> 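Before we start, here is the structure in question, set down as C-alpha cells.
For this chain, numbers begin at 1 and follow the sequence in order. Just so it is clear, the model here is predicted, and its values are computed rather than measured.
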Amino acid sequence: DVSELKMDVSELKMDVSELKMDVSVLKTDVGVLKTDMQTVKEELHLIRNELKEKVGREEFVFLETRVTQLERLARH
C-alpha cells in the first residue's frame, strides 16, 4: 500500500541522512590521520638520518678495543 511505501521511503531518507553524517565524520578523521601519518613519516626520516650518523655496535667494539690498546701504550 502507498502509505507503507511512503513510510519506508521516509525511513530510508533518515538512514541515508545518518550515513552522510557518518561519512562526513569519517572524512574528517581520515584527514587528521593523514596529517598525523605525515608527521610520523617526517620524524622517522629524521631519526633514520640521526641513526646513520651514529657509530654502529661493531665499530664501537672496535673503537673500544683500540682505545684500550692506546691506553696501555700510553702507560708504558
Side-chain angles (χ1 to χ4, degrees):
D1 135 279
V2 174
S3 63
E4 217 175 288
L5 281 174
K6 284 183 180 181
M7 286 176 52
D8 288 345
V9 168
S10 178
E11 200 172 308
L12 283 173
K13 283 182 180 180
M14 287 175 26
D15 289 346
V16 168
S17 178
E18 286 180 36
L19 287 172
K20 284 181 179 180
M21 289 188 320
D22 290 347
V23 168
S24 177
V25 169
L26 289 172
K27 282 182 179 180
T28 302
D29 290 348
V30 167
V32 169
L33 289 173
K34 278 182 169 180
T35 302
D36 290 349
M37 186 55 80
Q38 186 60 40
T39 302
V40 168
K41 285 180 179 180
E42 290 169 3
E43 290 294 322
L44 281 174
H45 180 73
L46 292 174
I47 291 169
R48 267 192 209 113
N49 285 339
E50 288 176 12
L51 286 174
K52 286 178 184 176
E53 293 176 7
K54 294 187 180 200
V55 175
R57 185 172 239 357
E58 289 178 13
E59 190 174 359
F60 180 78
V61 170
F62 171 77
L63 291 172
E64 191 176 39
T65 304
R66 184 74 177 124
V67 167
T68 304
Q69 290 171 353
L70 291 172
E71 286 175 339
R72 284 189 200 135
L73 287 174
R75 288 187 197 136
H76 293 101

> Which side-chain hydrogen bond (donor to acceptor under 3.5 Å, both in side chains) pairs, counting each pair once, include a residue from residues 11-22, with sequence neighbours left out?
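Checked against side-chain hydrogen bond (donor to acceptor under 3.5 Å, both in side chains) - neighbours excluded - no pair reaches residues 11-22.
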> For residues 36-44, dump all side-chain donor-acceptor pairs below 3.5 Å to protein atoms at least two apart in sequence or in another chain.
| from | atom 1 | to | atom 2 | distance (Å) |
| --- | --- | --- | --- | --- |
| Q38 | NE2 | E42 | OE2 | 3.4 |
| T39 | OG1 | T35 | O | 3.1 |

> Checking S3 now: which residues fulfil side-chain hydrogen bond (donor to acceptor under 3.5 Å, both in side chains) with it, not counting sequence neighbours?
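Partners of S3 by the side-chain hydrogen bond (donor to acceptor under 3.5 Å, both in side chains) criterion, ordered by chain and then number, come out as D1.
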> Starting from L19, walk the hydrophobic network (Ile, Leu, Val, Met, Phe, Trp, Tyr; side-chain heavy atoms closer than 4.5 Å) and list everyone else you reach, by chain and number.
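Under the 4.5 Å side-chain rule, L19 groups with nothing.
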> So how far is it from L33 CG to T28 OG1, rounded to the nearest 0.5 Å?
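Interatomic distance, L33 CG to T28 OG1, rounded to 0.5 Å: 11.0 Å.
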> Check side-chain contact (heavy atoms from CB on, under 4.5 Å) between R66 and all other residues, then give those that pass, not counting sequence neighbours.
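R66 satisfies side-chain contact (heavy atoms from CB on, under 4.5 Å) with Q69, L70 once adjacent residues are dropped.
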> With sequence neighbours excluded, tell me which residues meet side-chain hydrogen bond (donor to acceptor under 3.5 Å, both in side chains) with N49.
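Listed in chain order: H45.
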> Transitive ILVMFWY cluster of L26 at side-chain heavy atoms under 4.5 Å: who else is in it?
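L26 clusters with nothing; isolated.
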> Under a single-linkage rule joining Ile, Leu, Val, Met, Phe, Trp and Tyr whose side-chain heavy atoms are separated by less than 4.5 Å, which residues share a cluster with V55?
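Direct or chained contacts put V55 with F60, F62, L63.
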> Go through the structure and list residues passing side-chain contact (heavy atoms from CB on, under 4.5 Å) with E71, not counting sequence neighbours.
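Partners of E71 by the side-chain contact (heavy atoms from CB on, under 4.5 Å) criterion, ordered by chain and then number, come out as V67, R75.
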